[in-house]
J.: 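Dumping the structure here so I can ask a few things about it.
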Amino acid sequence: MSAVQNSRVRFAPSPTGYLHVGSARTALFNWLFARATGGTMVLRIEDTDENRNRPELTAAIFEYLKWLGIDYDEGPFYQSERRQQHRQAIQQLLCDGKAYLCDANDNEQPGTELVEGCAVRFRTPEGSTTISDVIRGEVTVEHSQLGDFVIWRSDGSPTFVLANAVDDQDMAITHAIRGEDLLSSAPRSVLLMQALGHTPPVYAHLPLLVNEQRKKLSKRRDDVSLESYRKQGYLAKAMANYLALLGWGPRDEVEIRPMAEVIAQFQLEDVNRSAAFFDLAKLQHFNGVYIRQLDTAELLDVLTPFLESEEVPWSKACYRPEVVVAMVPLVQEKLRTLADIVPQVDWLFCGEPVVDQTSWQKVLVDNKISAEVLDGVIAVLTDCAWEPEIVKEAVFRIGEASGLNRSKSQAPVRVAVTGRSVGPPLFEPMVLHLSRQEVLRRLRRARCCL
RNA sequence: GCCCCGUUCGUCUAGAGGCCUAGGACGCCAGAUUCUCAAUCUGGUAACACGGGUUCGAAUCCCGUACGGGGUGCCA
């Protein structure tokens with residue numbers, strides 16, 4: 001059990017219009033810590049930058065925190081609405097001589113009042129500051145490295161360090177859990193808080209999330225938006241579970257588990273120090289496991305947006321939801337993302353199947369025996385009973401006559417009817433959801449091309 | 001350049017001086033199963049960056065080197 005009581009943590013994103021996976025991981029770790037320690041989670045939007053102060057830039061952040069299941073106890077607070085408090089802090093620092101005015105040429109100006117057009121710099125004292133980080137231990141920085149940093153811009157707005165420090169104090173934040181990219185600025189925060197007569201929070205700098213080049217994930221290079229992953233068909237639970245394992249691992253080594261168990265296992269001091277690669281292959285595996293855990297109704301529910309999307313290859317008039325209901329149990333175990341459902345069922349709804357050229361070439365065109373198989377199948381299916389078992393055995397018998405095993409026998413039929421060499425079990429859906437005429441039409445069409 | 005942080009299988013991690021001939025997971029490879037592909041099951045591959053210390057004993061502690069990353073804005 002953690003000894004920490006009454007912790008107060010915050011997730012303080014900048015409004016960017018989307019939730020970045022790295023930010024989401026930071027939010028998650030704050031939330032895990034709060035929930036594990038019975039603490040309070042605060043949400044604060046850091047919109048000090050004027051042009052970030054727009055509702056449409058924050059909407060996605062709220063939406064995707066909710067999607068992941070990260071709730072908060074206080075907020076959202078907006079940094080832009082706290083200008084008064086920031087101004088007061090600056091005023092106090094100026095009066096105490098701990099900060100000074102700077103003109104446009106960066107020359108120090110006398111005075112203890114904010115002057116329009118003048119920035120304010122913190123008067124960094126001699127010495128060094130050591131921050132105590134739960135994850136990294138003690139980190140010491142010489143003040144000579146810090147310089148007299150700007151805390152108030154000449155346009156009358158606070159800088160990030162100032163606003164962040166003042167807000168953390170006012171909101172009584174006890175633990176600042178954030179990305180390692182902020183480690184360098186931590187001493188400035190500590191200096192500011194001390195100058196304002198406050199005690200800094202305990203810090204915990206999380207290892208960065210990196211791409212295959214081992215660089216910090218960035219919007220420009222990498223797929224970082226949570227929205228993008230949702231659209232690709234990842235489940236929130238799989239994503240949250242996966243994110244929890246980046247920079248942390250439970251002591252019992254059980255990786256895939258309900259969030260309640262993650263909370264029970266989570267210890268901030270167990271977080272490791274090295275950067276973590278965001279591995280899509282492992283996320284896909286997690287997603288597949290979570291998809292298989294759903295019951296049919298739940299799966300159908302999350303699949304629906306993908307089947308009713310605009311990008312689907314069939315026309316809406318041909319779509320038959322009842323067929324999907326029948327198909328879902330057959331394909332559930334194959335899905336790694338929700339979007340995978342589309343190529344499993346499209347052949348049942350498209351007038352002409354979506355043809356995978358490689359499969360068509362390899363299985364039908366390049367394989368001389370396919371024509372023979374198709375001829376035989378067409379002949380038999382014309383008047384056999386239209387029942388899955390009968391059709392299946394008929395196809396296998398024809399293949400056998402040509403010296404083919406079951407695997408080889410079904411291949412030409414599958415490609416002719418579905419357009420692909422991979423897909424759901426073939427015979428049951430084909431017989432139950434397509435008419436005899438349609439199947440024969442597709443078989444003849446394929447035969448004609450050979 | 002300067003400052004800071006980091007370094008265990010390809011990847012995510014376990015490891016808190018003897019339990020480590022280093023464990024798990026993903027990936028990959030092989031086999032089983034199978035109407036395809038998956039899924040499933042079985043087995044396998046594969047790592048303590050390097051060099052010095054400390055210690056009876058080091059993946060674990062200390063120092064150095066190398067490499068990687070982050071920060072060095074009136075961005076957050």
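Throughout, protein chains are lettered first and strands after them, A, B, ... in sequence-line order, and every chain is numbered starting at 1.
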J.: Using atom CZ of Arg178(A) as one end and atom C1' of G70(B) as the other, report the distance to the nearest whole Å.
T.: 13 Å
J.: Under 3.5 Å, which N/O atoms of the protein pair with N/O atoms of nucleotides 13-15 of chain B?
T.:
residue	atom	partner	partner atom	Å
U13(B)	OP1	Gly247(A)	N	2.3
A14(B)	O2'	Glu253(A)	OE2	3.4

J.: Picking from C3(B), A38(B), U11(B), which would you name as closest to the side chain of Glu333(A)?
T.: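 Nearest nucleotide to the side chain: A38(B).
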J.: Watson-Crick or G-U wobble partner for A22(B), using a 3.5 Å limit on both distances?
T.: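 A22(B) is unpaired by these criteria.
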J.: Would you classify Asn287(A) as touching base, sugar-phosphate or nothing, given that sugar-phosphate means primed atoms plus P, OP1 and OP2, and contacts are heavy atoms under 4.0 Å?
T.: nothing
J.: So, for Leu443(A) and Ile378(A), which heavy atoms are closest and what is the spacing to 0.1 Å?
T.: CB-CG1, 3.7 Å
J.: Identify all side-chain donor-acceptor contacts of residues 361-368 of chain A below 3.5 Å with residues at least two apart in sequence or on another chain.
T.:
residue	atom	partner	partner atom	Å
Gln361(A)	NE2	Asp366(A)	OD1	2.9

J.: Could you check which nucleotide pairs with A59(B) in any of the strands shown, counting Watson-Crick or G-U wobble with both distances under 3.5 Å?
T.: none
J.: Across all strands shown, which nucleotide pairs with A39(B) by Watson-Crick or G-U wobble geometry, both distances under 3.5 Å?
T.: none
J.: Just how far, in rounded Å, is C1' of G6(B) from CZ of Arg273(A)?
T.: 9 Å
J.: With a 4.0 Å limit, can you tell me whether Lys216(A) has a side-chain N or O closer than that to the phosphate oxygens OP1/OP2 of G71(B)?
T.: yes
J.: With Trp248(A) as reference, evaluate Val262(A), Asn272(A), Leu32(A) under the side chain to side chain contact (heavy atoms under 4.5 Å, CB included) test and give the passing residue.
T.: Val262(A)
J.: Grab the NE2-P distance between His20(A) and A76(B) for me, whole Å please.
T.: 17 Å
J.: Once you apply the 3.5 Å cut-off to both distances, tell me the Watson-Crick or G-U wobble partner of G6(B), or none.
T.: C67(B)
J.: Side chain of Pro425(A), heavy atoms from C-beta onward: which of G68(B), U36(B), A76(B) has the nearest atom to it?
T.: U36(B)
J.: Nearest to the Gln145(A) side chain among U36(B), U40(B), C2(B), which nucleotide is it?
T.: C2(B)
J.: Hey, does Leu426(A) reach any base, or is it just sugar-phosphate, or nothing, if we go heavy atoms under 4.0 Å?
T.: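 Base contact - Leu426(A) has a heavy atom under 4.0 Å of at least one base atom.
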J.: Using purine N1 to pyrimidine N3 plus N6-O4 or O6-N4 for Watson-Crick, or N1-O2 and O6-N3 for G-U wobble, both under 3.5 Å, which nucleotide pairs with G73(B)?
T.: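 Its partner is none (no Watson-Crick or G-U wobble pair with both distances under 3.5 Å).
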J.: Paired with A16(B) by Watson-Crick or G-U wobble geometry, both distances under 3.5 Å: which nucleotide is it?
T.: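 Base-paired to nothing in any strand shown.
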J.: Which part of the nucleic acid, if any, lies within reach of Thr140(A) when heavy atoms closer than 4.0 Å are counted: base, sugar-phosphate only, or nothing?
T.: sugar-phosphate
J.: May I ask which nucleotide in the shown strands pairs with U34(B), Watson-Crick or G-U wobble, both distances under 3.5 Å?
T.: none
J.: Checking contacts here: which listed nucleotide (A76(B), G27(B), U36(B)) is nearest the side-chain heavy atoms of Ser14(A)?
T.: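 Ranking A76(B), G27(B), U36(B) by closest atom to the Ser14(A) side chain puts A76(B) first.
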J.: Nearest whole angstrom, please: distance from the C1' of U7(B) to the CG of Leu208(A).
T.: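 Atom-to-atom, Leu208(A) to U7(B), this comes out as 15 Å.
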J.: Report the distance from atom CD1 of Ile291(A) to atom P of A38(B), rounded to the nearest whole Å.
T.: 16 Å
J.: For the residue pair Phe149(A) and Leu192(A), establish whether any side-chain heavy-atom pair is separated by less than 4.5 Å.
T.: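 In short, these two side chains touch, coming nearer than 4.5 Å.
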J.: Grab the CG-P distance between Asn211(A) and C12(B) for me, whole Å please.
T.: 12 Å
J.: Below the 4.0 Å mark, does C35(B) have OP1 or OP2 next to a side-chain nitrogen or oxygen of Arg406(A)?
T.: yes
J.: What closest approach, in Å, do Arg153(A) and Pro158(A) show between heavy atoms, and which atom pair accounts for it?
T.: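 Heavy-atom minimum between the residues: NH1-O, 3.1 Å.
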J.: Of the nucleotides C74(B), U36(B), G70(B), which has the atom closest to the Ser184(A) side chain?
T.: G70(B)
J.: Could you identify which residues of residues 107-122 of chain A place a heavy atom less than 4.0 Å from some atom of RNA chain B, listed by residue number, or say none?
T.: Ala119(A), Arg121(A)
J.: Rounded to whole angstrom units, what separation is found between the NE2 atom of His285(A) and the P atom of C28(B)?
T.: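 Nearest whole value for this atom pair: 11 Å.
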J.: So, do Phe396(A) and Phe427(A) have ring centers that fall under 6.0 Å from each other?
T.: yes
J.: Could you give the CD-to-C1' distance, from Gln410(A) to C35(B), as a whole number of Å?
T.: 4 Å
J.: Please tell me which of the listed nucleotides, C35(B), C74(B), G69(B), lies nearest to the side chain of Arg153(A)?
T.: C74(B)
J.: Using a cut-off of less than 4.0 Å, is there contact between a side-chain N or O of Lys215(A) and OP1 or OP2 of G69(B)?
T.: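 Yes, within the criterion.
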